[in-house]
Amino acid sequence: MTSLKSIETKLNDIFKGLPAMPDSGKESLVKAWPYIALIFGILQLIAAWSLWRLTSYAERLSNLVALYTATNPLSSYDKTIIYLGVIMLVVDAVILLMAYPHLVTRSRKGWDLLFLAALVNVGGGVVQIFINGRGFGSFIFGLLGSAVGFYLLFQVRAKYSKGSAASS
């Protein structure tokens with residue numbers, strides 16, 4: 001947990017020098033964030049399930065091709081990386097769904113869970129580098145998206161209290 005706090009401190013130092021959002025924008029984001037977390041948590045679970053099913057079908061097809069051609073289009077390395085990506089999607093989705101009730105009450109725990117989900121998302125971007133056909137471009141776009149997410153997170157951090165509910 002102390003390593004997360006040190007990452008948070010370092011990122012805060014980076015993002016505090018950027019232009020601040022207007023207070024009305026921060027308030028709107030704080031009101032919308034629980035629903036955004038809920039929707040994206042559900043969508044990520046659906047995406048993980050679909051990707052797992054697609055990968056299992058591709059794996060069976062790959063094994064069939066290997067049976068007749070003696071070459072397997074999907075290596076065990078490819079499968080491992082893809083399944084690792086699915087696991088990261090599920091972990092991110094669970095964190096977002098866990099954050100929902102805390103975000104509704106504006107608890108600091110909700111913000112902390114969003115921060116953790118953003119870090120998992122960066123890890124997912126790193127994994128994408130190793131997926132055949134995805135590569136460095138996906139990693140760069142993932143980092144840009146994560147940077148925007150971190151900017152928004154640090155803009156509204158003060159709106160979340162240490163207790164169970166913040167005053168509006």
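Residues F141 and S146 fail the side-chain proximity criterion, which asks for heavy atoms closer than 4.5 Å. A heavy-atom distance below 4.5 Å is found between the side chains of Y160 and W33. The shortest distance between side-chain heavy atoms of D112 and K5 falls below 4.5 Å. The closest side-chain heavy-atom distance from L29 to Q155 is not below 4.5 Å. Residues I82 and E59 have side chains not in contact (no heavy-atom distance under 4.5 Å, counting atoms from C-beta outward).
Distance check: M21 CE to S28 OG gives 8.0 Å after rounding to the nearest 0.5 Å. For the atom pair NZ (K26) and NZ (K31), the distance works out to 15.0 Å, reported to the nearest 0.5 Å. Atom CD1 of I36 and atom CG of L114 lie 9.5 Å apart (nearest 0.5 Å). Taking CG of L144 as the start and CZ of F139 as the end, the distance is 10.0 Å to the nearest 0.5 Å. Note: L4 CG to F115 CZ = 6.5 Å, rounded to the nearest 0.5 Å. Expressed to the nearest 0.5 Å, how far CD1 of I87 lies from CG of D92 amounts to 13.5 Å.
In terms of heavy atoms, F150 sits closest to V122 at CE1-CG2, 3.8 Å. Pairing each heavy atom of I95 with each of L113, the nearest pair is CG2-O, 3.1 Å. For the pair L103 and A37, the tightest heavy-atom approach, listed with the atom from each and the gap, is CD1-CB, 3.8 Å. Heavy-atom minimum distance, G110 versus A99: O-CB, 4.0 Å. The two residues A117 and L96 come nearest to each other via the heavy atoms CB-CD2, 4.0 Å. The shortest non-hydrogen separation linking V30 to R106 is CG1-NE, 3.2 Å.
A side-chain donor-acceptor contact under 3.5 Å links W111 to the backbone of L153.
Y83 and I81 fall into different hydrophobic clusters, where Ile, Leu, Val, Met, Phe, Trp and Tyr are joined by side-chain heavy atoms under 4.5 Å apart, directly or via other members. Note on I7 and F154: same hydrophobic cluster, where clusters join Ile, Leu, Val, Met, Phe, Trp and Tyr whose side-chain heavy atoms are under 4.5 Å apart, directly or indirectly. Clustering ILVMFWY residues whenever any of their side-chain heavy atoms sit less than 4.5 angstrom apart, transitively, puts L54 in a cluster other than the one holding L61. Cluster annotation: W49 and L84 are assigned to distinct hydrophobic clusters (Ile/Leu/Val/Met/Phe/Trp/Tyr, side-chain heavy-atom contacts under 4.5 Å, transitive). In the hydrophobic clustering of ILVMFWY residues, with side-chain heavy atoms under 4.5 Å counting as a link, I39 and L89 come out apart.
In this pair, Y151 and F15 present their aromatic rings tilted. The plane angle is within the 30 to 60° band.
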Using the rule given for side chain to side chain contact (heavy atoms under 4.5 Å, CB included), can you reason through F40 versus Y35, listing the C-alpha separation, both sets of side-chain angles and the distance that settles it, and then say yes or no? CA-CA 8 Å; F40 276 93; Y35 306 105; over 6 Å; no

Exercise for review: Any chance you could lay out the side chain to side chain contact (heavy atoms under 4.5 Å, CB included) test for V90 and W52, step after step, and finish with the verdict?
Suggested key: CA-CA 11 Å; V90 170; W52 179 79; over 6 Å; no

- request: Kindly indicate, with the supporting measurements, whether the criterion side chain to side chain contact (heavy atoms under 4.5 Å, CB included) is fulfilled by V94 and Q44.
  value: CA-CA 9 Å; V94 169; Q44 283 185 325; over 6 Å; no

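Contact check on R108 versus E8 returns a salt bridge, with a Lys/Arg side-chain nitrogen under 4.0 Å from an Asp/Glu carboxylate oxygen.
More than 12 heavy-atom neighbours from other residues, nucleotides or ligands sit within 6.0 angstrom of CZ on R60. Enclosure of atom OH in Y77 by more than 12 non-hydrogen atoms of other residues, nucleotides or ligands within 6.0 angstrom is indicated.
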